[in-house]
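Take a look at the structure set out below.
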Amino acid sequence: MKGSTHRRCYCRDPRTGKPLGKNCPKFTSRKHGSYSIRQEPPPREDGTRRSFSRAGYDALKAAQADLDHVRALVGLAESDDPEGLAQIAELLELVADEKSPLPDIEATRRRLAHGLDLTSRLTVGDWLDMWLAGKKGRQSAISRDESNIRVHLKPRIGHLRLDRLRVAHLSELFEAIAEANVEIAEGNAARRKAFEDLAQIPWKGREHRAHRKVMKAAIHGMEPYRRIVGAATRQRVRSTLRAALNAAIAQQLITFNPAAHVELEAGKRPKALVWTDERILYWKRTGEKPSPVMVWTPEHTGLFLDHVAEDRLYALFHLTAFRGLRRGEACGQKWMDTHLATGSITVAKQLVVDGWEVYEDDPKTDSGARTIALDSDTVDALKRHRAQQDEDRERWGSAWVETGRVFTRENGELLHPANVTRRFIELYEEIGLPPIRFHDLRHGAATLARAAGADLKDIQEMLGHSSITITADTYTSLFPEADLAIAEAAARLVPRARPTAEPQPEPEPDEAVEPDPEIVPNGVDRLGEIQEINSPSAHAPLTQTAPDDESEAE
């Protein structure tokens, strides 16, 4: 390789102003002047020569070190690799023009080996796009990663060079998200207050109409309601970035993963709470749910199922409420996996929503593929549902869409899971039940099973959890009655020297206290045609949902 070092003196003749060069009397001292280097990279395709030059070194040792560095870069490409030689040459030309530091030899070797452009600076955003394009796995997980990258990562750190990403950058990223949360909360509160003020303005009167028009214009100019980025979401954002950076390490693009070292608040799984009278009263007064995960009491569940008994999706609600299927699992259940003769179903497929598109996929986890025993009431509900579906098939004739699903639209097409949720909310709001998510029916099924005596392992298998910790931490809130029974049983285990208070006898029917007509047990406002919650005859089917043979089957 052609290359050399040179020492130059920049002193000038005081009379002529011309450089003295080697004629400078001080040039004999090695400390006088400065050193420069010159290296000839591979030629261009047309044969013209290239040159890399750099000057300003105070010592020969420093100049020689950089010259050796340049020669090592040139030697990274094999002589029979014209493309690699051209990339090295272009890289050195760019470094010379920009007067930037010489690139790291090992990093350049890795980029050259992986076919990356040496003259570009690979950014975090570029790598995230490359990683996402090659990612394999469940479509729902890929969509979640895409959302995290598009909404949170690329806007804030996408411009940074991948090899220069540090923990401090990620700390700033999550601090910015926290600051945005404050702005979102303030904006949501302002918009909510504006709607409240608008509702207070009378409709009649010219001045009132003008005032309402101004208020509507102000609301139109406000930011729409936005969701707060909670601790769990921030953990998922970091998880996406950590996986992408791990892949970059595997490709030898970087050697350190800063996402593994940034500290975040733990995303705690919310505890399920039961809708007691006190919590219902709090919700009615404030409009706030005590927890994101709320569970109906058995009386609430019974009222709901009684109300929807004639709805075409009754069997779906019944199956979910008692056996805890996920929404996608219920919508994706097939008749060939439903064994009514033996009283069991096999969960083998589910419907997944990606944006608004629906596709079929395997269960969420390996343990999600499971067989669940059915009680006799659930079997009867499914038999009635199948008879109704057979009538629908006959009525639609050639227009019937055969999907093989247990739960379908009127013409046999797939149920969209989001429409199931919408229908569920409409139905429970019709009778004033406290709000829960459709997924909370699954929580309620776990709680019912726990109150009926099932152990955590039984519940884990019923719900298809991959870990019993999830079952124990989230899905097993006991009903107050079960808690009370446990407390009484524990108290009776301790012998006492003096007798404890005798339990008070139940009042006779004629001594029962009349309930307040405005407060119905369990806090549910009821119409005259709905039975009272505590009526023994109101929920006869509910008392038959856990026969002895079912507990043995699980």
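Values reported hereafter were calculated over all heavy atoms of this structure, with side chains retained and with hydrogens, waters and symmetry mates removed.
Taking all atoms of both residues into account, the shortest heavy-atom contact from I105 to L76 is O-CD1, 3.9 Å. Minimum heavy-atom separation, I88 to A77: CG1-CB, 4.3 Å. Residues P258 and L245 come closest through the heavy atom pair CD-CD1, 3.8 Å. Here the shortest heavy-atom pairing between W127 and A244 reads NE1-O, 2.8 Å. Heavy-atom minimum distance, D80 versus P82: O-CD, 3.3 Å. Nearest heavy atoms, I142 versus G137: CD1-O, 3.9 Å.
A salt bridge does not link E146 to K135: none of the charged side-chain nitrogens sits closer than 4.0 Å to a carboxylate oxygen. Checked for salt-bridge contact, R191 and E223 miss the test: no charged N lies under 4.0 Å from a carboxylate O. The pair R226-E183 does not count as a salt bridge, with every side-chain nitrogen at least 4.0 angstrom from each carboxylate oxygen. Contact check on R437 versus D440 returns a salt bridge, with a Lys/Arg side-chain nitrogen under 4.0 Å from an Asp/Glu carboxylate oxygen.
Taking the side-chain hydrogen bond (donor to acceptor under 3.5 Å, both in side chains) definition, one finds that R234 meets it with E265, sequence neighbours left out. A search for ring pair (Phe, Tyr, Trp, His ring centres under 6.0 Å) contacts involving W356 returns H416, not counting sequence neighbours. Applying the salt bridge (charged side-chain N to carboxylate O under 4.0 Å, His left out) test to D455 and every residue at least two apart in sequence or in another chain returns nothing. In this structure K193 satisfies the side-chain hydrogen bond (donor to acceptor under 3.5 Å, both in side chains) test together with D197, sequence neighbours excluded. Checked against salt bridge (charged side-chain N to carboxylate O under 4.0 Å, His left out), K61 has no partners two or more places apart in sequence or in another chain. Applying the salt bridge (charged side-chain N to carboxylate O under 4.0 Å, His left out) criterion to R138, with sequence neighbours excluded, gives D361. Every residue two or more places apart in sequence or in another chain was checked for a ring pair (Phe, Tyr, Trp, His ring centres under 6.0 Å) with Y359, and none qualifies. S34 pairs by the side-chain hydrogen bond (donor to acceptor under 3.5 Å, both in side chains) definition with nothing, not counting sequence neighbours. Partners of D58 by salt bridge (charged side-chain N to carboxylate O under 4.0 Å, His left out), not counting sequence neighbours: none found.
The backbone N or O of R242 lies less than 3.5 Å from a partner atom in the side chain of N257, making a donor-acceptor pair. The main-chain N or O of L463 is found under 3.5 Å from a side-chain atom of R442 such that the two form a donor-acceptor pair. Between the side chain of H69 and the main chain of P103, a donor-acceptor pair closer than 3.5 Å is present. Although no hydrogens or angles enter the test, the distance criterion places no donor-acceptor pair under 3.5 Å between the side chain of R423 and the main chain of T421. Judged by distance alone, with hydrogens and angles left aside, the side-chain atoms of R405 form no donor-acceptor pair with the main-chain N or O of C331 at under 3.5 Å. Looking only at distances, a side-chain donor or acceptor of Q350 sits under 3.5 Å from a matching main-chain atom of D362. At least one donor-acceptor pair under 3.5 Å links the side chain of T447 to the backbone N or O of H443. Remark: side-chain polar atoms of S100 are not paired, donor with acceptor, to backbone N or O of A96 under 3.5 angstrom. When atom types are taken as modelled, the side chain of T320 and the backbone of L316 share a donor-acceptor pair closer than 3.5 angstrom. Side-chain atoms of W275 come within 3.5 Å of backbone N or O of P435 as a donor-acceptor pair.
Using a 30° and 60° split on the angle between ring planes, H261 and F256 fall in the parallel class, below 30°. Relative ring orientation between Y428 and W296 is described as perpendicular, the plane-to-plane angle rising above 60° on a 0-90° scale split at 30° and 60°.
If you take OG1 on T286 and NZ on K284, they are separated by 12.5 Å, rounding to the nearest 0.5 Å. Here the OH atom belonging to Y35 is positioned 4.5 Å from the CZ atom belonging to R7, to the nearest 0.5 angstrom. Taken to the nearest 0.5 Å, the CG atom of L92 stands 12.0 Å off from the CD atom of Q87. Atom CG of N148 and atom NZ of K154 lie 13.5 Å apart (nearest 0.5 Å). To the nearest 0.5 Å, atoms CG (L162) and CG (D126) are separated by 9.0 Å. To the nearest 0.5 Å, the span separating CD1 on I37 from CG on D66 amounts to 5.0 Å.
Counting only residues at least two apart or on different chains, the salt bridge (charged side-chain N to carboxylate O under 4.0 Å, His left out) pairs with a member in residues 81-106 are R44-E93, R50-E93, E106-R109.
Considering only heavy atoms from C-beta on, V95 comes within 4.5 Å of R54 through its side chain. W131 is listed as a side-chain neighbour of I149, based on a closest heavy-atom distance under 4.5 Å. Using a 4.5 Å heavy-atom cutoff, the side chains of R49 and E40 are in contact. Side-chain contact check for V352 versus V358: every heavy-atom pair is 4.5 Å or farther apart. Looking at heavy atoms from C-beta onward, L414 lies out of side-chain contact with T408 at the 4.5 angstrom threshold. Within the 4.5 Å cutoff, the side chain of L160 has no heavy atoms near those of the T123 side chain. Side-chain contact between L67 and Q64: present, with at least one pair of heavy atoms (C-beta onward) separated by less than 4.5 Å. Between V151 and V237 the shortest side-chain heavy-atom distance does not fall below 4.5 Å.
With a 6.0 Å radius and a threshold of 12 heavy atoms from other residues, nucleotides or ligands, R8 has its CZ atom at or below the threshold. Remark: E207 CD is loosely packed, at most 12 non-hydrogen atoms of other residues, nucleotides or ligands lying under 6.0 Å away.
For the residue pair Q139 and S143, a side-chain donor N or O sits within less than 3.5 Å of a side-chain acceptor on the partner.
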Enumerate donor-acceptor pairs with a distance under 3.5 Å from any side-chain N or O in residues 165-178 to protein atoms, sequence neighbours excluded.
residue: R166; atom: NH1; partner: D163; partner atom: O; Å: 3.4
residue: H169; atom: ND1; partner: R166; partner atom: N; Å: 3.0
residue: S171; atom: OG; partner: V167; partner atom: O; Å: 3.2

Would you list the atom pairs, donor with acceptor, under 3.5 Å between side chains in residues 208-222 and any protein atom, with sequence neighbours excluded?
residue: R212; atom: NH1; partner: L198; partner atom: O; Å: 3.0
residue: R212; atom: NH1; partner: I201; partner atom: O; Å: 3.0

Note to self: Could you walk me through whether R279 and T276 satisfy the side chain to side chain contact (heavy atoms under 4.5 Å, CB included) test, starting with their C-alpha distance in whole Å, then the side-chain angles of each, then the deciding distance to 0.1 Å, before giving a yes or no?
What the structure shows: CA-CA 5 Å; R279 289 167 181 157; T276 60; 3.5 Å; yes
Note to self: Quick one, E429 with I425, criterion side chain to side chain contact (heavy atoms under 4.5 Å, CB included). Give me CA distance, side-chain angles, the key distance, then yes/no.
What the structure shows: CA-CA 6 Å; E429 285 183 345; I425 295 173; 3.5 Å; yes
Item checked: Intermediate values then yes/no, salt bridge (charged side-chain N to carboxylate O under 4.0 Å, His left out), D337 and K349 -> CA-CA 9 Å; D337 298 319; K349 294 293 180 181; over 6 Å; no
